[in-house]
Each structure stands twice: as C-alpha cells, then as structure tokens.
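Accompanying notes for the structure given below.
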Amino acid sequence: MKARSDAWLFCQLGAREHYILPRAFHRRGLLRALVTEAWAPPGGVAARAPGPLGRKFADRFSPDLADAPVEHFTASTIAFELAGRVRRRAPAGWPAIMLRNAWFEKHVVARMRDKRLLADRPTVFAYSYAALGILRAARDAGCRTVLGQIDPAITEEDIVADAVVRQARLRPDWERAPAAYWSRWREECALADHIVVNSPWARDGLAAAGIDPAKLAVVPLAYDAPRNVAMRQYPAQFDAARPLRVLFLGSLVVRKGIGALLDAAALLATAPVEFHLVGGAGIDLPPEILTSPKIVRHGAVSRSAAATHYAAADLFILPSLSDGFGLTQLEASSHGLPVIASRHCGDVVRDDVDGLLLPEVTGPAIAAAIGRYLASPATVARHAEATRGAAQRFAPDIVAGQLIEAMT
C-alpha cells in the first residue's frame with residue numbers, strides 16, 4: 001500500500017474557529033484540502049445572497065485560504081437550506097441536527113471520492129457528531145483518522161440534565177440527545193485512531209464515558225489574538241457613577257452557568273456592579289432580572305460586534321458548568337480583560353495572575369470573586385496588565401505544532 005503523506009485533510013461543517021487549523025496547516029504547506037459545506041468568497045453567489053441566508057454565509061471565507069485547496073458544495077447547501085424552510089413539516093431539534101450532520105457526511109464522502117482526495121492517504125481530521133461516514137471512508141482508504149471532539153460528550157449532557165432539573169424556574173429550552181445520536185458518536189470514537197480534546201476537563205469527561213484514554217490527546221484551541229489592544233483605565237474605586245462592568249458573552253443557557261450568574265447578580269444587587277449579557281437566551285429570564293437597571297441585555301451579536309463589548313467591559317466571566325474549551329475566555333483575555341472562569345473548561349486563566357478561577361459554579365462563589373475586584377480596582381488593573389501576551393501560547397502555528405506532535 002502507498003505510504004501515507006504528511007498532508008492533512010480537514011472536514012468541517014460551518015466556520016468553526018474561523019478555519020483556524022486549516023489556515024495554520026496551509027501556512028506550513030501541509031493542507032491537502034479543507035472540505036466544508038459552504039464557501040463564500042467576496043463577490044460570489046453565496047456572499048450576495050439576500051436576507052438571513054446571506055447573513056448565514058457572511059463569514060464562510062478566509063483570505064488566508066484564498067489560494068488553498070478548498071472543496072465545498074455551496075449550491076447544494078443553499079438548496080438544502082431553502083428546502084428546509086419551505087417544507088411544512090421540516091424536522092426540528094435533534095432530528096434536524098442529525099439530518100444535517102448525515103447530509104454533510106454524505107456530501108464530504110462523495111467529494112473525497114470524486115476528487116480522489118484520499119489517494120495519497122493524508123491524515124483525515126473531522127469534528128465530532130458529523131464525522132462517522134467521513135472516518136469510515138478514510139479508514140477504508142488506509143488514512144490515519146483524527147476525531148476533533150468539541151465537548152465532553154455524554155458526560156457533559158448528564159451534568160446539564162442535573163442542572164436543568166435544579167434550575168427549572170428558568171424554564172430551560174433543553175432536551176437530551178436521542179440514543180441514536182450517542183450511538184453514532186461512539187462509532188466515531190471507535191473509528192478514530194486519535195481523539196483530540198481541547199482541555200483536561202474534556203479528556204476526563206470522555207474517559208468517564210468509557211472512551212479509551214490511550215486515544216485521547218489534549219490540544220487547546222488555536223486563536224489569532226488581536227494586536228495593539230489599548231491600555232485599560234480603572235477608577236480609584238467603583239461606585240454608582242462608575243460601576244464595575246462585568247461582561248458575559250455567549251448563549252444564555254444553563255450549561256454556561258447563567259443560573260449561578262443570575263444568583264450572583266441578586267446577591268450583589270446593592271453593589272456598584274453592572275452586568276452586560278450578550279447572547280441569545282435559551283431560558284426565561286425572571287421578572288426581577290428583566291426589570292433590573294444593573295443588568296443590561298444586548299442579545300446575540302456578530303463576531304465583529306463582539307469586540308465592541310469586550311472593549312467596553314472591565315471584567316469577563318465564564319461560569320460554565322461544562323465546556324470543551326470556552327473560546328470566549330481566551331478572546332476576552334486577549335482583549336485585555338481579567339477573566340473569572342470555572343474550572344470546567346480549557347486552561348486559559350492563571351489563578352490570581354490574569355483572572356480568578358471559581359472554586360465552584362454557584363451564586364455565592366461568583367459574588368465573592370466579583371466582590372474581590374470591587375474592593376480592589378488595583379487588582380483588576382494588575383490582572384488586566386498580566387493578560388498582555390498571554391494568548392501567544394495559543395497562537396495557530398504553536399497549536400498546529402502541538403497537534404502534529406500529539407499524533408506521532
């Protein structure tokens with residue numbers, strides 16, 4: 001059989017991390033191809049699509065990959081999206097997610113076959129839950145297979161299920177995945193030669209779910225940090241005229257710890273602190289939250305608009321019950337914000353250096369961490385200064401090297 005090449009073929013549904021791994025591998029001359037469902041170069045048909053469809057494709061391109069081998073089936077994707085919108089009884093929820101994942105796998109396998117993308121036996125990297133058919137075809141072709149596991153899987157689901165019961169007052173919009181979903185995932189894990197997780201937390205979650213620890217490799221997410229971030233100014237003390245501005249950016253869902261954050265806001269109701277919640281809500285916000293002048297809701301925003309919220313904040317919080325990594329904590333830190341984070345995500349925050357790690361995800365624990373910053377603006381400034389350059393350890397070329405090394 002022909003020897004394997006050093007090239008990597010990445011298969012991804014959506015613009016996950018804005019194609020950062022394919023971009024890094026392309027710079028190294030190691031990208032066999034990126035296979036994705038939609039690609040929208042400036043001036044192309046997808047980029048000019050009107051309404052919600054056009055907005056959906058707005059970020060489906062990277063100039064760094066303009067001269068890269070990118071395989072896509074954008075026309076079929078547009079047809080798939082439109083068909084789902086006109087069908088009277090289109091699947092929703094988990095059936096819709098599983099249908100889309102299977103549709104993606106089918107098109108990727110067909111493209112790999114038609115373009116002979118596996119002929120030189122590259123390493124094939126595909127992301128969890130939309131990888132089964134891809135990994136199967138790659139194994140049949142004699143390729144090394146890598147599953148990019150995006151979360152702690154069913155272990156995380158059990159954590160969230162317990163929290164949903166305890167926080168029923170928020171009427172969470174959440175349901176367990178069907179058994180077939182997890183059955184397919186276990187097949188993906190069996191087919192993968194290596195499973196890449198982004199944090200020790202995710203690694204331990206997969207091991208608890210019965211996945212072979214010998215297959216698991218911890219490689220953090222890669223991130224292109226912004227340059228020339230302005231120095232932040234903090235007052236001598238926080239007061240009603242100049243409160244501490246705490247930013248939460250992400251989906252307002254139980255998994256992200258929103259329940260505990262709201263509990264903390266109630267405990268700090270008389271303190272000079274202002275909470276800014278940026279993201280779509282998957283819960284019913286209590287009346288006292290909806291009417292509180294200290295809690296500002298901004299709704300979901302685009303990637304570009306997020307930078308404005310980071311710039312306006314003093315402090316970022318990620319009180320997640322479980323995350324495969326939690327990229328927002330890295331984004332916030334790279335914008336010069338101290339971060340309060342849970343221990344159930346990627347290792348970004350250095351405790352009492354550039355942020356604080358919560359001992360537990362509860363209202364009192366969050367309130368205590370925020371209270372420490374309220375009492376000492378100098379600590380906020382010191383932690384903000386310590387974020388400078390911290391994101392360099394997650395630079396794309398560094399992480400790409402770690403991924404290659406983990407596979408050898």
Side-chain angles (χ1 to χ4, degrees), residues 8 10-14 16-17 20-21 94 97-98 101 105 123-136 138-139 143-164 174-222 253-257 318 320-330 341-349 357 361 394 399-400 402-408:
W8 286 58
F10 288 88
C11 307
Q12 69 176 76
L13 177 60
R16 178 170 294 279
E17 285 97 51
I20 200 160
L21 281 179
W94 285 110
I97 292 170
M98 295 179 68
N101 290 349
E105 292 172 24
T123 294
V124 176
F125 185 110
Y127 287 97
S128 53
Y129 314 121
L132 182 56
I134 298 167
L135 297 182
R136 193 176 284 148
R139 284 288 293 267
C143 299
R144 180 171 59 177
T145 53
V146 182
L147 179 67
Q149 180 62 40
I150 64 175
D151 56 22
I154 198 166
T155 300
E156 178 175 280
E157 184 181 64
D158 290 341
I159 292 170
V160 177
D162 177 66
V164 164
W174 183 87
E175 62 178 349
R176 279 188 178 271
Y181 184 82
W182 294 119
S183 178
R184 282 178 57 87
W185 169 72
R186 290 190 181 278
E187 287 188 68
E188 290 178 344
C189 292
L191 285 167
D193 295 314
H194 303 274
I195 302 172
V196 173
V197 294
N198 302 127
S199 62
W201 169 257
R203 176 198 60 204
D204 294 346
L206 263 65
I211 303 304
D212 182 2
K215 284 190 174 186
L216 303 176
V218 178
V219 179
L221 289 185
V253 294
V254 167
R255 180 175 66 83
K256 290 290 188 178
L318 177 67
S320 182
L321 301 180
S322 180
D323 253 304
F325 186 81
L327 186 62
T328 52
Q329 60 176 330
L330 185 50
S342 83
R343 298 172 187 266
H344 304 158
C345 54
D347 291 342
V348 173
V349 175
L357 291 173
V361 182
F394 302 98
V399 173
Q402 292 175 350
L403 177 56
I404 293 169
E405 184 179 354
M407 300 300 101
T408 58

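What's counted below: heavy atoms across the whole structure, side chains too, no hydrogens, waters or symmetry copies.
A heavy-atom distance below 4.5 Å is not found between the side chains of Leu21 and Gln12. Inter-residue side-chain proximity for Trp8 and Leu403 is flagged as met; some heavy-atom pair is nearer than 4.5 Å. At a threshold of 4.5 Å between non-hydrogen side-chain atoms, the residues Val399 and Val219 count as touching. Counting heavy atoms from C-beta outward, Pro220 and Asp347 have side chains that stay 4.5 Å or more apart. When side chains are defined from C-beta on, Leu221 does not count as touching Leu330, because their heavy atoms never get closer than 4.5 Å. Proximity of Gln149 to Ser128: side-chain heavy atoms (C-beta onward) are separated by under 4.5 Å at one or more points. Contact of the Ser320 side chain with the Gln329 side chain is not registered, since no non-hydrogen atoms from C-beta on lie closer than 4.5 Å.
Applying the side-chain hydrogen bond (donor to acceptor under 3.5 Å, both in side chains) test to Gln402 and every residue at least two apart in sequence or in another chain returns nothing. By the side-chain contact (heavy atoms from CB on, under 4.5 Å) test, Ala161 is found to be paired with Trp174, Arg176, residues two or more places apart in sequence or in another chain being considered. Shown here are the salt bridge (Lys or Arg N to Asp or Glu O under 4.0 Å) partners of Glu17, two or more places apart in sequence or in another chain: there are none. With sequence neighbours excluded, the residues forming a side-chain contact (heavy atoms from CB on, under 4.5 Å) with Ala138 are Val124, Cys143, Thr145, listed by chain and number. For Glu105, the salt bridge (Lys or Arg N to Asp or Glu O under 4.0 Å) partners two or more places apart in sequence, or in a different chain, are Arg184. Residues that satisfy the salt bridge (Lys or Arg N to Asp or Glu O under 4.0 Å) test with Arg186, not counting sequence neighbours, are absent from this structure. Tyr181 pairs by the ring-ring contact (aromatic ring centres under 6.0 Å, His included) definition with Trp94, Tyr129, not counting sequence neighbours. When the side-chain hydrogen bond (donor to acceptor under 3.5 Å, both in side chains) test is applied to Thr123, the partners found at least two apart in sequence or on another chain are Arg144. Listed by chain and number, the residues in a side-chain contact (heavy atoms from CB on, under 4.5 Å) with Ala163 are Arg166, Gln167, Val254, Leu321 (sequence neighbours excluded). With sequence neighbours excluded, the residues forming a side-chain contact (heavy atoms from CB on, under 4.5 Å) with Arg343 are Asp351, Leu357, listed by chain and number. Scanning for side-chain hydrogen bond (donor to acceptor under 3.5 Å, both in side chains) contacts around Asn198 gives an empty result, with sequence neighbours left out.
The minimum heavy-atom distance linking Gly324 with Ala202 is given by the pair O-CB, 4.2 Å. Among all heavy-atom pairs drawn from Leu147 and Ala131, the shortest one is CD1-CB, 3.8 Å.
In this structure, Asp323 contributes its side chain and Phe325 its backbone to no donor-acceptor pair below 3.5 Å. In terms of modelled atom types and a separation under 3.5 Å, the side chain of Glu156 and the main chain of Asp151 share no donor-acceptor contact.
A distance of 12.0 Å separates CZ of Phe394 from CD1 of Ile20, quoted to the nearest 0.5 Å. Separation of atoms CD (Glu157) and CD (Glu175) is listed at 9.5 Å; rounding is to 0.5 Å.
Counting only residues at least two apart or on different chains, the side-chain hydrogen bond (donor to acceptor under 3.5 Å, both in side chains) pairs with a member in residues 200-220 are Trp201-Ser322.
Between Trp182 and Trp185, the angle of the ring planes goes over 60°, which puts this pair in the perpendicular group of the 30/60° scheme.
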From CA spacing to verdict: side chain to side chain contact (heavy atoms under 4.5 Å, CB included), Glu187, Leu135: CA-CA 10 Å; Glu187 287 188 68; Leu135 297 182; over 6 Å; no

